[in-house]
Asker: 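One structure coming up, written as structure tokens, with questions to follow.
Here is how names work: the chains are called A, B, and so on, in the same order as the sequence lines, proteins then strands, and each is numbered from 1.
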Protein chains: 2
Amino acid sequence: MNIKKYNVNEEGLNRFFGPLEAKIMEVLWSSDDGIAAKEVQELVNKEHPITFNAVMTVMNRLFEKGHLQKNSQGRGRGRISTYNAVQTKEQFINEQTKAVTRGLMSEFGDLVVNHMVDALEDSDPELLAKIQEKISAMQSRKQP
Amino acid sequence: MNIKKYNVNEEGLNRFFGPLEAKIMEVLWSSDDGIAAKEVQELVNKEHPITFNAVMTVMNRLFEKGHLQKNSQGRGRGRISTYNAVQTKEQFINEQTKAVTRGLMSEFGDLVVNHMVDALEDSDPELLAKIQEKISAMQSRKQP
DNA sequence: ATCCTGATACTACGAATTGTAGTATATTTG
DNA sequence: CAAATATACTACAATTCGTAGTATCAGGAT
């Protein structure tokens with residue numbers, strides 16, 4: 001449940017997964033109930049051609065890494081194996097951004113803070129205001 | 001000059017480089033003038049046994065990736081090749097933390113801000129105050 | 001001048017990661 | 001029983017990084 005490499009130049013889930021892994025997780029997160037490998041393959045296949053085997057193998061790796069849960073019954077053709085994401089997408093993203101953020105902060109705190117505030121100045125002044133509110137709330141909670 | 005993978009579970013320069021790469025860059029950054037591969041090997045070898053070839057190969061990769069500059073003259077035994085880091089360590093760290101921070105902010109801005117402020121509440125309240133100052137300075141500069 | 005040594009360079013291999021392909025298994029259906 | 005099919009297991013290619021083997025080529029010793 002722990003991503004080792006964060007891909008700096010990618011976008012979205014591709015920051016945390018390989019491209020096929022990301023598409024598969026997206027499908028898993030889009031389905032409330034468990035979903036069969038075949039179904040996942042059909043859905044991914046709509047975007048770009050992919051064999052069932054490729055999907056199957058990568059799903060099993062995601063399972064081994066702890067991102068997916070597997071529920072199997074039966075064997076052979078009649079086998080039913082459904083997969084579920086272990087975390088919601090929100091939980092996953094939250095956990096990963098937390099890991100990356102806290103790691104960065106612990107060693108490069110002041111640099112990171114400056115980069116962040118600069119980034120917000122350009123693109124998201126509202127978030128700047130939220131930061132101030134959050135800090136003020138903290139401080140008044142600590143020293144009333 | 002652009003790191004692709006950020007290693008979430010590592011420390012220090014190992015976040016941006018492999019372990020041997022990191023040790024080599026550290027040596028390069030510790031020497032003001034250019035330094036020969038042999039000398040680098042001798043220095044790294046004090047920490048843990050490493051062959052000249054290993055150091056040489058990894059240094060050439062760092063050169064190909066643009067992190068090192070090479071100055072060669074002569075050939076064969078008498079050859080002198082000295083290596084320099086292209087950026088200072090400070091420049092490098094600044095650039096990389098900026099890339100990671102801005103990438104995170106652009107997609108997960110509010111999450112990252114929350115994680116960061118939470119992290120600072122525990123470990124570095126002074127930095128929290130600096131953030132407020134920086135934001136205030138910005139805002140008064142914009143809306144005088 | 002010849003040979004050996006030593007600094008550098010080039011090539012190759014092993015492990016890990018991720019995408020892809022081939023084959024095996026076993027059961028449901030015809 | 002045989003064919004088709006959902007799943008599983010194994011293998012291979014490309015990339016990255018650490019490591020090892022070998023080649024090159026000038027300076028010094030003989």
Asker: Go through the structure and list residues passing side-chain contact (heavy atoms from CB on, under 4.5 Å) with A:Asp110, not counting sequence neighbours.
Answerer: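 For A:Asp110 the side-chain contact (heavy atoms from CB on, under 4.5 Å) partners, ignoring immediate neighbours, are B:Leu127.
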Asker: May I have the distance from A:Phe52 (atom CZ) to D:dC9 (atom C1'), rounded to whole angstrom?
Answerer: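 It is 12 Å, rounded to the nearest whole Å.
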Asker: Please list, chain by chain and in numerical order, all residues satisfying salt bridge (Lys or Arg N to Asp or Glu O under 4.0 Å) with B:Glu10, sequence neighbours excluded.
Answerer: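 Scan of B:Glu10 (salt bridge (Lys or Arg N to Asp or Glu O under 4.0 Å), adjacent residues dropped) gives none.
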Asker: Please state how far atom CD in A:Glu64 lies from atom P in D:dA8, giving the value in whole angstrom units.
Answerer: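 Spelled out: CD on A:Glu64 to P on D:dA8 is 11 Å.
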Asker: Whole Å only: how far is the CE atom of A:Met56 from the P atom of D:dA6?
Answerer: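 Roughly 12 Å, once rounded to whole Å.
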Asker: Given atom CD1 of A:Ile80 and atom C1' of D:dT5, what is their separation to the nearest angstrom?
Answerer: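 About 14 Å, once rounded to whole Å.
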Asker: Atom CE of A:Met59 and atom P of C:dG19: how far apart are they, to the nearest Å?
Answerer: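 The answer, rounded to whole Å, is 14 Å.
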Asker: Roughly how many Å is it from CG in B:Leu62 to P in C:dT8, rounded to a whole number?
Answerer: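 Those two atoms, CG and P, are 16 Å apart.
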Asker: With distance as the sole criterion, is a donor-acceptor pair present between the side chains of A:Gln87 and A:Glu95 under 3.5 Å?
Answerer: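 A donor-acceptor contact under 3.5 Å links the two side chains.
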Asker: Taking all atoms of both residues into account, what is the closest heavy-atom pair of A:Asp32 and A:Asn84, and its distance?
Answerer: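 That closest heavy-atom pairing would be O-ND2, 4.0 Å.
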Asker: When you check every protein heavy atom under 4.0 Å of nucleotides 13-21 of chain D, what one-letter string (B, S, -) results, 5' to 3'?
Answerer: ---SBBBBB
Asker: For A:Asn71 and D:dT7, give me the distance from atom CG to atom P, rounded to whole Å.
Answerer: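 Going from CG in A:Asn71 over to P in D:dT7 covers 12 Å.
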Asker: Whole Å only: how far is the CD1 atom of B:Ile35 from the P atom of C:dA7?
Answerer: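 About 14 Å, once rounded to whole Å.
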Asker: What nucleic acid atoms does B:Phe63 come within less than 4.0 Å of, heavy atoms only: base, sugar-phosphate, or nothing?
Answerer: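 Answer is nothing: B:Phe63 stays at 4.0 Å or more from every strand.
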Asker: Can the positive tip of A:Lys70 be found less than 6.0 Å from the middle of the six-membered ring of A:Phe63, inside 45° of the ring normal?
Answerer: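 Yes, A:Lys70 lies over the aromatic ring of A:Phe63.
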Asker: Does any part of the side chain of B:Asn94, heavy atoms only, come nearer than 4.5 Å to the side chain of A:His115, both counted from C-beta?
Answerer: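 Yes, their side chains come closer than 4.5 Å.
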